[in-house]
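Beneath this line is the structure, given in structure tokens, with notes to follow.
Here is how names work: the chains are called A, B, and so on, in the same order as the sequence lines, proteins then strands, and each is numbered from 1. Below, all heavy atoms of this structure are taken into account, side chains as well, without hydrogens, waters or symmetry copies.
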Protein chains: 2
Amino acid sequence: MDPTRLRVAGIKATFPRLKILDVFHQHADQHMSAADIYRNLISERSSIGLATVYRVITQLEDAGVLKRTQLDTHSSVYELNDKGHHDHLVCRHCGRIQESSDATMAQRVRKIARQCGFALDSYSLVLYGGCGCRKDAPAPYIGEFE
Amino acid sequence: MDPTRLRVAGIKATFPRLKILDVFHQHADQHMSAADIYRNLISERSSIGLATVYRVITQLEDAGVLKRTQLDTHSSVYELNDKGHHDHLVCRHCGRIQESSDATMAQRVRKIARQCGFALDSYSLVLYGGCGCRKDAPAPYIGEFE
DNA sequence: TTTATTGCAAAACCTTTGCATGTAT
DNA sequence: ATACATGCAAAGGTTTTGCAATAAA
């Protein structure tokens with residue numbers, strides 16, 4: 001793994017940091033919690049403490065390398081911050097996470113902020129529902145949203 | 001407080017439940033965490049355990065009386081579920097929460113769900129930034145979002 | 001009376017922190 | 001050599017749960 005990104009971030013290129021970045025690149029399509037990352041490291045026989053995982057992902061987030069999102073009430077998930085803003089669709093049945101980029105949406109959000117006299121810094125849009133994983137899926141909620 | 005809503009929800013009209021509903025009606029403009037509700041009860045000399053607060057708000061959420069939202073990483077906040085869907089604008093400086101209803105936004109969200117083959121159940125849109133509380137506020141982030 | 005509900009304390013989680021040890025520069 | 005990172009264990013904060021006591025129907 002390239003230590004340059006870490007030097008740019010102003011932090012030392014240590015083994016745990018390189019290994020954790022590695023895990024993110026190996027699972028570039030996934031959203032991982034601290035525990036997920038920790039499990040991955042364990043399964044590669046890299047003995048890195050959970051506390052270090054937390055410290056490193058926080059530093060990488062501060063450095064702009066990772067992006068943190070809270071998709072459920074339990075824990076935050078992290079992903080590489082190299083794709084620009086995108087929204088998340090979370091399946092209530094299988095937990096799968098889809099992503100969506102929508103320029104019109106982003107514009108609309110900026111407009112709302114403007115109308116409310118709000119200096120927009122960032123935003124989070126999460127859709128909850130069913131991704132089609134279940135044949136016997138209950139009919140989508142018919143009401144306010146469909 | 002009217003016990004009818006509780007009977008409709010299929011749960012007994014007990015003192016803790018009525019008192020907690022009362023707190024929500026007394027602070028209808030606020031978003032409260034379990035700890036906030038608990039503090040309110042304490043200050044009224046209602047001795048209701050924190051565990052009961054958690055149990056009751058979960059039941060009231062299941063019954064559709066309350067709405068749960070996660071606006072920050074620390075804890076969930078609850079509000080009366082009597083206003084239809086709305087988005088939240090959270091000030092990073094003072095913590096104030098503004099609300100916004102935007103029909104176009106809601107439509108756009110439905111469209112995204114449709115395009116992704118997703119059976120939309122609900123969604124959460126949270127804007128983070130500055131509400132104008134600070135004279136010395138740092139300039140809004142100039143980048144992807146402004 | 002019968003069943004649901006409460007309170008308390010303990011546990012379960014996720015996340016952060018203090019401190020002695022170890023490592024990158 | 002020096003400052004920064006790590007590991008471990010302990011603590012912090014939020015939320016859930018087991019169980020005996022209590023209150024609603």
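For the OP1/OP2 pair of C/dT16 and a distance below 4.0 Å, the side-chain nitrogens and oxygens of A/Tyr54 include no atom meeting the criterion.
With 3.5 Å as the limit, one finds no donor-acceptor pair spanning the side chains of A/Gln98 and A/His86. In summary, the side chains of B/Asn40 and B/Ser43 do not present any donor paired with an acceptor at a separation below 3.5 Å, with no hydrogens or angles considered.
A/Cys133 and A/His93 make their closest contact through SG-CB, 3.6 Å (heavy atoms, listed as atom of the first residue, atom of the second, distance). Of all heavy-atom pairs between A/Glu79 and A/Gln30, the closest is CB-O, 4.1 Å. Considering all non-hydrogen atoms of both residues, A/Pro16 and A/Ile48 come closest at CA-CD1, 3.5 Å.
Atom CZ of B/Arg55 and atom CG of B/Leu50 lie 10.0 Å apart (nearest 0.5 Å).
The only member of B/Leu60, B/Asn81, B/Asp82 that meets side-chain contact (heavy atoms from CB on, under 4.5 Å) when paired with B/Val65 is B/Leu60.
Within the 4.0 angstrom heavy-atom criterion, only backbone atoms of the sugar-phosphate kind lie near A/Ser76; the bases stay farther away.
Sequence neighbours left out, the pairs with a member in residues 30-63 of chain B that pass ring-ring contact (aromatic ring centres under 6.0 Å, His included) are B/His31-B/His88.
Taking every nucleotide of DNA chain D with any atom under 4.0 Å from a non-hydrogen atom of chain A, the first and last of them, 5' to 3', are D/dA3 to D/dA9.
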How does protein contact run along nucleotides 3-13 of chain C, one letter per nucleotide 5' to 3', with B for base contact, S for sugar-phosphate only, - for none, heavy atoms under 4.0 Å? BSSBBBB----

